[in-house]
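Scroll down for the structure; my scribbles are underneath it.
Per chain, numbering begins at 1; letters A, B, ... match sequence-line order. Excluded from the calculations below are hydrogen atoms, water molecules and symmetry mates; all remaining heavy atoms, backbone and side chain alike, are included.
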2 protein chains.
Amino acid sequence: MVFAESIQKKFPGFETALTEQMELDAKFRQIPAGTELIRPGQFIRSTMLVLDGLVKVYREDGEGNEFFMYYLKPGDGCALSMTCMVGQETSNIAAKTVQDSEIIMVPLEKMDAWMNQYKSWYHFVVKTYRDRFEELLQTLDSVAFRNMDERLEFYLKRHYKTLGSKIIPITHQEIAQELNSSREVISRLLKKMAERGKVKLNRYNIEILDL
Amino acid sequence: MVFAESIQKKFPGFETALTEQMELDAKFRQIPAGTELIRPGQFIRSTMLVLDGLVKVYREDGEGNEFFMYYLKPGDGCALSMTCMVGQETSNIAAKTVQDSEIIMVPLEKMDAWMNQYKSWYHFVVKTYRDRFEELLQTLDSVAFRNMDERLEFYLKRHYKTLGSKIIPITHQEIAQELNSSREVISRLLKKMAERGKVKLNRYNIEILDL
DNA sequence: CTGATACAGTGACTTATATCACTGGTAAAA
DNA sequence: TTTTACCAGTGATATAAGTCACTGTATCAG
């Protein structure tokens, strides 16, 4: 029951019966950083829980533009793999590991069945929906109401919180992609932030000083 | 059982046992057009189903800007009143009737209890989450990837589909607000669309010709 | 060491959108 | 009727952001 134990560590709310059931029915996968977990338009047959590592969820339109939505940390579940199960290809969502990760894959039938059998699973699913919805709303807010400089700050803060480190290893190009902007714009805005003492710019990473 | 019957008409999936239970535990309210159902930051104690009419759900930031999210039609449920129940005031969401409406209010405890008791309720809630999530993603898409002209088209199409009428009774000012733009911009873009034969502009309303 | 490659900085310019200032028209209120 | 308020149209201008073209500079492969 090594597997069940490590689940319980990251998902403290789960009943023992549930974690044991998961040991039987779910798949446990080790996935290296940079792997695409969900490709846009893909048919999804199982839902995903993050046991360890970090997964980025983002949106892609047809023309190669992408747009950062949120991160999934250990203990998080993917609301999308719960909703998109019907195979509606309208949702062009992509997910990628940004760190080496350990993922639990739960088949959709089980996910459905457990809703009645395990109260903790039900609460987890509802909480997942709620949390993702909330994060999505915050993302929407920042695009709808804020300028690029504010969005950039918001983006960096989010990364800081998620990574728990003041050093954010990311290039200007990558930020530009995730905010659907262009590298030059991001470079210039970052420079302004650096002048105001908010960040320190290094090659390959950005250091948060005061946000 | 007049109430239960009218529920069944708009929510064909619901079991009879459920609709009868709703007759006992839910409140039925007639609400005139233009009424605010949810004020930003408000604490929510019950979830909302739309029996008749039309409800607009939108986002408000602190500075009087608003932003259209989606409509709730008869047969729809409000995912937000399901998620925001915890009373997190971060989500500044507002909902307003745009037509005279009939709303069913389900207390949150019941909504929770019914999940286990009625399979059709469970499916309804999950479907509601899924649908709202999807709509929210589409909205996000249009802000993130599209220019104002495309967003305007998308907005008009959505209204056309929701209202089922080619005549959309709305002012330029109102559109500007919901897209978080300005009246002049909307006027100019509408004019261009009119020149291309896509719409016909009238005072107080816009007629869809070819979208 | 040498080239190749990716990251970053920057000036010049374009474009989309926002803002300001004003006009005229319609409808309802006084 | 006159007045007022709201809707819509439009030119001029400002600003944010995107695009183009170029430079410098680390890092890595050969």
Does a nitrogen or oxygen in the side chain of [X] sit under 4.0 Å from OP1 or OP2 of [N]?
X        : N      : answer
B:His172 : D:dG9  : yes
B:Lys191 : D:dT10 : yes
A:Ser181 : D:dG18 : yes
B:Thr171 : D:dC6  : no

**OP:** Can you label the angle between the A:Phe67 ring and the B:Phe145 ring as parallel, tilted or perpendicular, going by 30° and 60°?
**Re:**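 Perpendicular, since the angle between the ring planes exceeds 60°.
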Has the side chain of [X] got a donor or acceptor that lies under 3.5 Å from a partner of the other kind on the base of [N]?
X        : N      : result
B:Gln173 : D:dC6  : no
B:Arg188 : C:dT19 : yes
A:Arg183 : C:dA8  : yes

Could you state the atom-to-atom distance from [atom1] of [X] to [atom2] of [N] in whole Å?
X        : N      : atom1 : atom2 : value
B:Glu184 : C:dT23 : CD    : P     : 16 Å
B:Asn205 : D:dC7  : CG    : C1'   : 12 Å
A:Arg146 : D:dA16 : CZ    : P     : 16 Å
B:Tyr204 : D:dA5  : OH    : P     : 14 Å
B:Asn147 : D:dG18 : CG    : P     : 10 Å
B:Leu152 : C:dT17 : CG    : P     : 11 Å
A:Leu189 : C:dA8  : CG    : P     : 15 Å
A:Glu174 : C:dC7  : CD    : P     : 7 Å

Presence of salt bridge, [Y] and [X], under 4.0 angstrom:
X        : Y        : answer
A:Asp141 : B:Arg59  : yes
B:Lys198 : B:Asp210 : no
A:Asp76  : A:Arg132 : yes

Subject >> Closest nucleotide among C:dA18, C:dT10, D:dA16 to the B:Met148 side chain >> reply: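 Taking heavy atoms from C-beta onward, the closest nucleotide is C:dA18.
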Original post:
To the side chain of A:Ser187, which of C:dA16, C:dT19, C:dT10 is closest?
Top reply: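 Closest nucleotide among those given: C:dT10.
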Original post:
Base, sugar-phosphate, or nothing: which does A:Asn180 touch, judged by heavy atoms less than 4.0 Å apart?
Top reply: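 Sugar-phosphate contact only - A:Asn180 comes under 4.0 Å of backbone atoms but never of a base.
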Subject >> Under 3.5 Å: donor-acceptor pair, side chain of B:Thr128, backbone of B:Ala79 >> reply: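 Side chain of B:Thr128 to backbone of B:Ala79, a donor-acceptor pair under 3.5 Å: no, none is there.
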Subject >> Closest-nucleotide 5' rank along DNA chain D - winner of A:Arg203 and B:Asn202 >> reply: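 The residue whose closest nucleotide sits nearer the 5' end is B:Asn202.
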